[in-house]
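Input: a single structure, listed below in structure tokens.
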2 protein chains.
Amino acid sequence: MATEAVRTTAVEDNLLEVIARSLPDLRRSERRVADRILQAPQAAVEMTLGTLAAASGVSEPTVIRFAAAIGCEGFRDLRVKLARSLAFARTTSHSAIGPADDLGEITGKIFDFNLSNLAWVRAHLDPDAIRAAVAALSAAPRIEFFGLGASGIVAIDAQQKFPLFGAPCSAQTDGHQMLMAAAMLAPDDVAVAISNTGTTVDVVRAARIAQEKGATTIAITGSRGPLLSHCSIAIVAETLENTDLFTPTVSRLSAMVVIDILSTAVSLGRNRAGQDRIAEMKRLLSDVRSGRQERPDFNGKGPTGPEDGPGGMAPE
Amino acid sequence: MATEAVRTTAVEDNLLEVIARSLPDLRRSERRVADRILQAPQAAVEMTLGTLAAASGVSEPTVIRFAAAIGCEGFRDLRVKLARSLAFARTTSHSAIGPADDLGEITGKIFDFNLSNLAWVRAHLDPDAIRAAVAALSAAPRIEFFGLGASGIVAIDAQQKFPLFGAPCSAQTDGHQMLMAAAMLAPDDVAVAISNTGTTVDVVRAARIAQEKGATTIAITGSRGPLLSHCSIAIVAETLENTDLFTPTVSRLSAMVVIDILSTAVSLGRNRAGQDRIAEMKRLLSDVRSGRQERPDFNGKGPTGPEDGPGGMAPE
DNA sequence: CAGAATTTTGTAGTCAAACTACACAAATGA
DNA sequence: TCATTTGTGTAGTTTGACTACAAAATTCTG
């Protein structure tokens, strides 16, 4: 279907923005309509053609012409588009303006930043690398995730999705254990090395060893670096910030989404039975959550996290 | 008091969710309408009453009754609400991922899904709750993060940002240690309880104990649950839909972004470094928007960059 | 398993909203 | 100034949204 309905939350989508922007090009009475809408957009969607015309002090056809002028099919279309734009608008009602408004701005900026970055990563992911990674992971008898620091979090996240991968998974977040685990790998095993910078020495070393042992090595990284030379498959989720100075959160988010894609794809590639198993697992989890059963032991790397479940698949 | 601090909107706003949820309560022919809408929501907003009736194989009044049944004023209202929901769910939403899906499509859907959800959360976050949380965290001599399983990852992530919080932070991801840590808290200390479901018993219990000890308790959760009754500040990042396709990842992302917001805001209040960070983010954002998709420069701290850096420390 | 009571659905009709054709008014330019 | 262009409103038409009621289907009861 509309696979290419690529959404960038672009300005063009936001009708309010469009209206404000085309304000100078409008005729005088049309502008009255525009003003009226901008003044209380929320109320405008509720209005009818006649109502809005009256509220703006113009005639009904003028409103229709206005709709056409800003690129709508008609008044109906205008209302729909307006409603759509309004959905993104903040629930402004009680966010007072003042010194505290900084906070709202921070919230908005951080969301924007993360959203923009994800959209960017989406557009720049290499499909072939994903495909190769999925193939390797699907066939792997054993999977190791390597990551230090913030990337260690991603590694653990990946490890928790092991039911989707359908193979024993471990996450190594310690430099030494990473090496030991890498040394234990065999051909067909897969090592996933996660590093935002692509330079972290321990991770690079672990990847090298894993490769020497004949394992398939997959890199999930935020920028090209030494790591890639020891990995046969490179998934580069380049983010807009790659300095270590600001918000490493986005690199984590990107990596986690990549993991999500891999695990989902592997799971789907397997068979329907695998999906049923996941559904069953989710059911068990919901029992655990409500405290009706003893929860499975959880040691930080344990099989299933009681909370939120590893992968989440299969509609009910 | 916690419940008051929260907006009473969210999932109820998402008409698709509402429709899917009230499916069993509908009469047979009304359900035909529902199915038709869910099947192609994008097309449904374009349709007229008669068109939709014909497409569903029912009469026009049935469609109107359907609208009333799901809580709309009439067909017009239905269309507006639908458009509003579609603003978020537009591209993916109810198109479940099946084995037949091409890999590229899976990638796109997962990205879209996560993006839509983040946008949704963004629009529905309660600014007052954020404000209260920032205030509490800024004044806290000690901060504990509680989370199990997938939410444990978020807790660790939060803990790694301790430089931004400017106070000793711990992350407890084990049921028992969680309780012990909670018991050690004192007034003014802050406990942040993270649970997507809001029901995880251990986390709820830890929150209760923390509250009994006089600490300020902050909940970061994906849905209302028992947890809220033991938390004085509730940050509810409700996700777009509950079909559980990818909800776990989405909830983690949302929670991490919330953490990011909190840490940034706290840091901003503390020193000027936080302000620089915001300024930088704004710059990056404007670059993205203007379509100049260059990677930002790497000036700053030189090449080292210990793997991904714990917490996005601002430059000295 | 009738047959009544109730619920569900469609038919026909009404009202109002959305759109169109056209004519008048205002503004612009020679 | 008048002619031409542009802008705006009036009046009329079409269509879509909704309502009243009757037919069909379902359920309930004896």
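Lettering follows sequence order; numbering is per chain, from 1. Worth saying up front: this structure is predicted, and the values here are computed from it rather than measured.
- The phosphate of dT8(C) (OP1 or OP2) has no side-chain N or O of T62(B) nearer than 4.0 angstrom.
- Distances were taken from every side-chain heavy atom of T48(B) (C-beta onward) to each of dA17(D), dA27(C), dA20(D); the shortest belongs to dA17(D).
- If you take CD of E73(B) and C1' of dC18(D), they are 13 Å apart, rounded to a whole angstrom.
- OP1 or OP2 of dA18(C) sits under 4.0 Å from a side-chain N or O of R79(A).
- Contacts of E60(B) with the nucleic acid, taken as non-hydrogen atoms under 4.0 Å apart, include base atoms.
- Atom CZ in R31(A) sits roughly 13 Å away from atom C1' in dG7(D) (whole-Å rounding).
- In this structure, R65(A) reaches the bases: a heavy-atom distance under 4.0 Å links it to at least one base atom across the strands shown.
- When each of R27(A), R28(A), R32(A) is paired with E30(A), the salt bridge (charged side-chain N to carboxylate O under 4.0 Å, His left out) condition holds for R27(A) and for no other.
- For D25(A) and dT6(D), the CG to P distance is 15 Å, given to the nearest whole Å.
- Closest non-hydrogen pair, R122(B) versus G108(A), comes out as NH1-O, 3.4 Å.
- For the pair L49(B) CG and dG16(D) P, the interatomic distance rounds to 9 Å; values are reported in whole Å.
- L228(B) and A234(B) make their closest contact through CD2-CB, 3.6 Å (heavy atoms, listed as atom of the first residue, atom of the second, distance).
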Review point. Hey, mind stepping through K81(A) and D77(A) against salt bridge (Lys or Arg N to Asp or Glu O under 4.0 Å) and telling me if it holds?
Key: CA-CA 6 Å; K81(A) 289 214 173 88; D77(A) 190 42; 2.6 Å; yes
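- Rounded to whole Å, atom C1' of dA18(C) lies 15 Å from atom CZ of F75(B).
- A straight line from CE of M47(B) to P of dA17(D) spans 12 Å, rounded to a whole angstrom.
- Judged by atom type and distance alone, R76(B) does not reach the base of dG16(D) through any side-chain donor-acceptor pair under 3.5 Å.
- Residue R32(A) has no polar side-chain atom (N or O) positioned under 4.0 Å from OP1 or OP2 of dT8(D).
- For the pair I64(A) CD1 and dA11(D) C1', the computed distance is 14 Å after rounding to whole Å.
- Residue E73(B) holds its CD atom at 8.5 Å from CD of E46(A), rounded to the nearest 0.5 Å.
- Atom CZ of F66(A) is separated from atom C1' of dA18(C) by 16 Å (rounded to the nearest Å).
- Comparing dT10(D), dG10(C), dA25(D) against the side chain of S59(B) picks out dG10(C) as the nearest.
- Distances were taken from every side-chain heavy atom of S29(B) (C-beta onward) to each of dT9(C), dA17(D), dA21(C); the shortest belongs to dT9(C).
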